[in-house]
Amino acid sequence: MQQKLTRVLIVGGGFGGVYTAITLEKLLKGDPSVEVGLISKENYLVFQPMLPEVISGSIGILDTIAPIRRLCPKTNLYTREVESIDLKNRTVTTSAGFRPRASQLQFDHLVIAVGNVTNFAGQPGLAEHALPFKYLGDALILRNHVIHTLEEADMEADPELRRALLTFVVAGGGFSGVEAVAELNDFVREGARSFRRINPAEIHVVLLHAGSLILPELPESLARFAQNLLQSRGVDIRLNTRLAGATAEWAILEGGEKIPTKTLVSTVPAAPNPLVAGLQAKKERGRIVVNKHLEVVDCPGVWALGDCAWVVDHKTWQPCPPTAQHAIRQARCLAKNLVASLRGEPKQAFSFDALGKLAALGHRSAVAEVFGFKLSGFIAWLMWRTIYLMKMPGFDRKLRVSTDWFLDLVLPPDIVQLKLEKTPNLCREHFEPHEVIFRQGDLGDRLYVVVEGEVEMVEQTPGQTPHLLARLGPGECFGEMALVNEKPRMATARSVTRTNLLSVDRQAFQDLFAHHPPLRRMFQALIDERLHSGAPQASAAQAGPDLTIVTRQQAQ
């Protein structure tokens, strides 16, 4: 008689999920009666503590990651997004692959390790204009963006725009924000030496922190050392300061102060994963409540760990912080308890005494509290690198990272910009009241649709008072005349209130205009209406020939 197969399904490819799979493989030793599967949207594990060094290029982009298939070769890996979890019917639905159909995976035991997600709620404009810093892709995008701003600043003559290009703002004074701003500060100041027309003294790096001292997780003496060190290296630390919003031109602080910048990095506190919110399970502060064995309360066969779980240390009776070292220890404990459950053996309560806390400060310095001892400076930096190199999964990754670190000591930073993606054809933009969207005389590059708020169109003639042409509200569009005529903007567009827009780039607009006759007729009628109603001065003859040209291009 064939033995019943027990299916263990792990949701999440972070430290918690991957180390659960690794430990299960060791404990089960190829037991054919148990099948382990892991669902992750990526096929690799990111070693998060080293992510800030990707910004500066101290280590290679791929050297911070390890292939999951090599870390746990006996686990079935499903590289899909999770759409939903049905605890009652014990199924997990994943997104579609090449075929446009979702798939369902059955489970007998479910391990939830989905972590948390970036949340910009309550901060207008951050989703559109801030650069998050959580994933490998975020680090790569930030690095490319910073190099791009240096390239632009090197050739920019306008002093105001140049100042914004050379101002870099990081929001969040915890571990992520401090390590990110330290690497960013070192990188831009050292990299600027390769640009002939940039003086490193022009660079302004700002760290915003809501508390009275950065790194609140560390003892005050170490936090103060880190703060003083960063300030001595030119970082402008704004304490008791919160980020309230953002536009393409400004970082907006609570109280109304605006910092002109083209680079805003946000390490805001994360929010619970939406998958967790939809589960019929007990929660505490948005996290799944588990018992001392890491089993989800009142859900037999369901387990949870990591950032998405409310895990209370059995010794201290305090909730565990969302750190990698806690997630790894939870994973090992959970895997042992799951196997014990399968074999009818007693389970152990989770407890873990943190070995210490470390934060890298760039430029071969760090702060550390290890086994109660406080260290700072170069010695702490050596300890930081030694500990994390030992924790790095995979010998090949250890070798690559150690080689990168050695070369970083003797070689200048790499300032190559990798343009991996096209500018989005359709994107969202946020503007605060009385902010210019485009100016009269600018080249027409995008069409805009008002989603929320109000926009006014103003014609400006030298020596005369600006003339209000129109006010536009939700559902109305503007900017089409410059795209159709291929002429400069004939008016200035600016927001009246807080405004959210959808914008379509020139190429996408031209393609739609040329190949979709109803859309072409709609815009032709709109342009005629605006020309006859006193919109920006342009003759009907100007619009007509250009419309004809586009139509002929389509015919060709």
Side-chain angles (χ1 to χ4, degrees), residues 10 12-26 38 40 42-73 75 77 113 115 133-140 143 175-176 178-180 182-183 186 305-307 321-332 335 352 354-362 364-371 375 378-409 411 414:
I10 304 167
F15 281 104
V18 171
Y19 275 86
T20 298
I22 291 172
T23 309
L24 284 174
E25 286 191 9
K26 291 178 180 178
L38 188 152
S40 172
E42 311 289 358
N43 71 346
Y44 55 79
L45 170 69
V46 181
F47 196 69
Q48 296 280 355
M50 293 182 181
L51 206 54
E53 296 199 54
V54 174
I55 301 172
S56 62
S58 299
I59 57 178
I61 296 169
L62 298 181
D63 296 345
T64 59
I65 63 178
I68 294 176
R69 294 185 185 278
R70 292 183 184 173
L71 295 177
C72 36
T75 298
L77 178 63
F133 188 70
K134 184 175 176 64
Y135 305 108
L136 177 64
D138 298 337
L140 180 57
R143 172 180 167 79
F175 280 112
S176 295
V178 167
E179 292 185 334
E183 289 291 334
D186 285 353
L305 75 161
D307 297 356
T323 64
Q325 60 176 321
H326 280 84
I328 292 171
R329 297 318 190 284
Q330 290 168 19
R332 290 170 179 164
F352 171 59
L355 304 179
K357 300 174 182 178
L358 304 98
L361 302 176
R364 303 178 185 88
S365 61
V367 287
E369 182 187 29
V370 181
F371 297 118
L375 300 170
F378 183 74
I379 297 298
W381 176 77
L382 282 179
M383 178 173 287
W384 184 93
R385 289 208 157 177
T386 301
I387 290 175
Y388 281 123
L389 187 63
M390 292 171 59
K391 290 178 175 290
M392 188 81 182
F395 174 77
D396 60 330
R397 261 36 187 190
K398 287 183 173 70
L399 182 60
R400 291 173 188 269
V401 168
S402 57
T403 302
D404 287 339
W405 280 344
F406 171 75
L407 294 175
D408 181 56
L409 294 173
L411 298 178
D414 197 334

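As the structure is a computational prediction, the values presented were derived from the model and not from experiment.
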- Taking ring-ring contact (aromatic ring centres under 6.0 Å, His included) as the test, write out the residues that go with Phe378, two or more places apart. Trp381
- Message: Taking side-chain hydrogen bond (donor to acceptor under 3.5 Å, both in side chains) as the cut-off, I'd like each qualifying pair that reaches into residues 14-23, sequence neighbours left out, listed once.
- Response: none
- Message: Can you confirm whether Lys357 sits close enough to Phe175 that some side-chain heavy atom of one is under 4.5 Å from a side-chain heavy atom of the other?
- Response: yes
- Task: Under the ring-ring contact (aromatic ring centres under 6.0 Å, His included) rule, collect the residues that match up with Phe133, sequence neighbours excluded.
- Result: none
- At their closest point, which heavy atom of Ala113 faces which heavy atom of Gly17, and how far apart are they? CB-N, 3.6 Å
- Message: Which residues pass the ring-ring contact (aromatic ring centres under 6.0 Å, His included) test with Tyr44, not counting sequence neighbours?
- Response: none
- Query: Side chain of Asp186, backbone of Glu183: donor and acceptor closer than 3.5 Å?
  - Reply: no
- Message: I need the minimum non-hydrogen distance between Ala360 and Ala366, along with the two atoms involved.
- Response: CA-CB, 3.9 Å
- Over all atoms of both residues, closest heavy-atom pair of Ile68 and Gly13: CD1-O, 4.3 Å
- Item | Inter-residue atom distance Leu411.CG - Ser58.OG, 0.5 Å rounding | 11.5 Å
- Going from CE on Met392 to CG on Asp63, what distance comes out if it is rounded to the nearest 0.5 angstrom? 7.0 Å
- Query: Which residues pass the side chain to side chain contact (heavy atoms under 4.5 Å, CB included) test with Ala324, sequence neighbours left out?
  - Reply: Phe15
- Query: Taking atom CG of Leu45 and atom CG of Leu136, what is their separation to the nearest 0.5 Å?
  - Reply: 11.0 Å
- Item | Gln48 side, atom CD; Ile65 side, atom CD1 - distance, nearest 0.5 Å | 11.5 Å
- Task: Would you check if Glu179 and Leu51 make a side-chain contact, meaning some heavy-atom pair closer than 4.5 Å?
- Result: no
- Nearest-0.5 Å distance that lies between atom CZ in Arg329 and atom CG in Leu305: 13.5 Å
- Measuring from Leu38:CG to Leu71:CG, what's the distance to the nearest 0.5 Å? 10.5 Å
- Query: Where do Thr75 and Ala21 come nearest, in terms of heavy atoms and distance?
  - Reply: OG1-CB, 3.8 Å
- Item | Which atom of Ala331 lies closest to which atom of Gly16, heavy atoms considered | CB-O, 3.4 Å
- Residue pairs passing the side-chain hydrogen bond (donor to acceptor under 3.5 Å, both in side chains) test where at least one lies in residues 384-409, sequence neighbours excluded: Glu53-Arg385, Glu53-Trp405
- Note on the structure: Looking only at heavy atoms, the pair that brings Arg143 and Val54 closest together is CD-O, 3.4 Å
- Item | Flag side-chain contact, heavy atom, 4.5 Å: Leu389 against Val401 | yes
